[in-house]
Amino acid sequence: MSCLAIITARGGSKRIPHKNIKDFCGRPIIEYSIEAALNSELFDEVMVSTDSEAIAQIAIKAGAKVPFFRSADTSSDHATTSDVLVEVLDRYQSVGKKFDYFACLYPTAPFITPDKLVKGFEILKREKVAMVLPVVQFSFPPQRGLIENGGNWEYKWPQFRNTRSQDLEKIYHDAGQFYLYDTYKFLDVKGQVERDIFPIIVSELEVQDIDNLTDWEIAEMKYQLVNN
């Protein structure tokens with residue numbers, strides 16, 4: 001079975017300049033995803049999809065391949081991750097390379113480990129699903145969330161206002177780290193996988209969205225805590 005790792009790393013980060021290659025605990029953050037993919041020994045090829053020469057140089061030095069650069073369409077602010085993945089698979093297919101499975105790894109996900117990738121692919125093959133991804137439980141029940149309505153604040157779902165947290169259904173969200181796909185099932189729905197999904201549940205300590213510099217500092221603290 002052939003398998004490809006795609007690390008999506010666009011150059012134009014607005015909120016955190018050069019986010020994908022910014023120093024994280026002593027080295028460019030993209031290196032963590034590359035290293036996890038390589039050390040998992042799952043992949044026939046580990047590649048980085050980018051539009052940036054600087055990112056490409058760091059990726060190649062870390063052991064990944066950059067066989068081509070992104071098109072203008074998939075380098076725009078409006079391009080989705082699915083757009084990027086479809087483009088990569090099409091480019092490989094145009095030179096006669098097809099893969100039974102592939103992984104999409106985000107470049108700012110230092111909590112990815114080889115063990116998680118291996119576990120995920122074991123699930124993907126065993127369960128014969130379209131996609132496997134890490135998820136984390138919401139730290140506070142979203143059923144008891146508040147919204148603003150015409151200047152007033154109210155419960156979104158007032159029927160849950162007095163319900164004990166432990167009695168509410170557990171809800172999870174995407175951990176924003178990686179996605180493992182059956183290539184044929186992915187392409188069959190043009191990258192819009194909405195069902196046939198299996199989760200890997202991870203702890204809050206292993207998850208951190210990085211949208212600003214405060215998030216970045218929290219992620220470094222979590223990473224150091226987990227690895228110490």
Side-chain angles (χ1 to χ4, degrees), residues 2-40 42-99 101-114 116-117 131 133-134 174-181 183 186-187 190-191 193 208-213 215-216 219 223:
S2 56
C3 195
L4 173 69
I6 304 169
I7 298 169
T8 57
R10 190 168 70 98
S13 176
K14 301 290 192 300
R15 289 173 293 189
I16 303 177
H18 311 295
K19 175 181 177 179
N20 292 328
I21 52 175
K22 180 177 168 61
D23 183 274
F24 184 92
C25 291
R27 55 191 176 126
I29 194 167
I30 193 174
E31 288 188 5
Y32 294 87
S33 297
I34 294 172
E35 183 178 85
L38 291 171
N39 288 345
S40 73
L42 290 167
F43 303 103
D44 297 275
E45 190 161 319
V46 176
M47 70 86 68
V48 171
S49 170
T50 187
D51 58 339
S52 163
E53 184 64 41
I55 292 174
Q57 289 179 5
I58 289 173
I60 292 169
K61 186 176 179 181
K65 294 182 179 180
V66 184
F68 47 81
F69 281 84
R70 285 192 193 185
S71 66
D73 287 342
T74 57
S75 299
S76 73
D77 290 338
H78 304 291
T80 66
T81 298
S82 291
D83 294 335
V84 174
L85 299 177
V86 169
E87 178 182 71
V88 169
L89 295 172
D90 285 347
R91 290 289 298 270
Y92 274 105
Q93 186 169 341
S94 71
V95 295
K97 289 186 176 182
K98 294 184 179 181
F99 299 91
Y101 301 98
F102 76 96
C104 168
L105 286 73
Y106 283 142
T108 53
F111 298 99
I112 298 175
T113 64
K116 286 179 186 174
L117 294 171
M131 178 173 72
L133 78 163
D174 178 0
Q177 296 179 354
F178 64 85
Y179 311 91
L180 311 178
Y181 294 103
T183 305
F186 175 86
L187 292 175
K190 298 179 174 58
V193 179
Q208 179 63 45
D209 280 341
I210 304 179
D211 293 324
N212 54 53
L213 291 176
D215 292 340
W216 193 281
Y223 182 84

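Between I29 and N20, the closest heavy-atom pair is CG2-O, 3.4 Å. Across every non-hydrogen atom of A59 and V66, the tightest pair is CB-CG2, 4.2 Å. Between A5 and A37, the closest heavy-atom pair is CB-CB, 4.3 Å. Between A103 and L105 the shortest heavy-atom distance is CB-CD1, 3.6 Å. Considering all non-hydrogen atoms of both residues, I21 and A54 come closest at CD1-CB, 4.2 Å. Between I6 and S49, the shortest heavy-atom contact is CG2-CB, 4.4 Å.
Judged purely by atom type and a 3.5 angstrom limit, D209 has no side-chain atom pairing as donor or acceptor with the backbone of D215. At least one donor-acceptor pair under 3.5 Å links the side chain of K19 to the backbone N or O of I210. Judged purely by atom type and a 3.5 angstrom limit, R15 has no side-chain atom pairing as donor or acceptor with the backbone of N212. Here the side chain of T183 pairs a donor or acceptor atom with the backbone of F99 at under 3.5 angstrom. Side-chain atoms of K22 do not come within 3.5 Å of backbone N or O of T108 as any donor-acceptor pair. With hydrogens and angles ignored, the 3.5 Å screen pairs no side-chain donor or acceptor of S82 with any backbone N or O of K190. Checked by atom type and distance alone, the side chain of D44 never pairs as donor or acceptor with a backbone atom of L4 at under 3.5 Å. Although no hydrogens or angles enter the test, the distance criterion places no donor-acceptor pair under 3.5 Å between the side chain of T74 and the main chain of D83.
A ring-centre distance under 6.0 Å is not found for F43 and F102. Less than 6.0 angstrom separates the ring centroid of Y92 from the ring centroid of F68.
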| said: I'd like to know whether F69 forms a side chain to side chain contact (heavy atoms under 4.5 Å, CB included) with E53, so could you lay out the CA-CA distance, the side-chain angles of the two residues, the decisive distance to 0.1 Å, and finally the verdict. | reply: CA-CA 9 Å; F69 281 84; E53 184 64 41; 3.5 Å; yes

| Residues D77, R10; criterion side chain to side chain contact (heavy atoms under 4.5 Å, CB included); working and verdict | CA-CA 10 Å; D77 290 338; R10 190 168 70 98; 3.1 Å; yes

| query | Can I112 and Y106 be said to form a side chain to side chain contact (heavy atoms under 4.5 Å, CB included), step by step? | reply | CA-CA 9 Å; I112 298 175; Y106 283 142; 5.8 Å; no

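Note that CG of L133 is 8.0 Å distant from OH of Y181, once rounded to the nearest 0.5 Å. Note that OG of S52 is 8.0 Å distant from CD1 of I58, once rounded to the nearest 0.5 Å. Rounding to the nearest 0.5 Å places CG of L38 at 10.5 Å from CG of L117. Atom CG of L213 is separated from atom CD1 of I16 by 5.5 Å, given to the nearest 0.5 angstrom. Rounded to the nearest 0.5 angstrom, C104 SG and L85 CG are separated by 4.5 Å. Summarising the geometry, atom CZ belonging to R91 is positioned 8.5 Å from atom CE belonging to M47; distances are rounded to the nearest 0.5 Å.
Residues S71 and E87 have side chains in contact (heavy-atom distance under 4.5 Å, counting atoms from C-beta outward). Annotation: side chain of Y32 is in contact with side chain of C25 (closest heavy-atom distance under 4.5 Å). At least one side-chain heavy atom of F186 sits under 4.5 Å from a side-chain heavy atom of V193.
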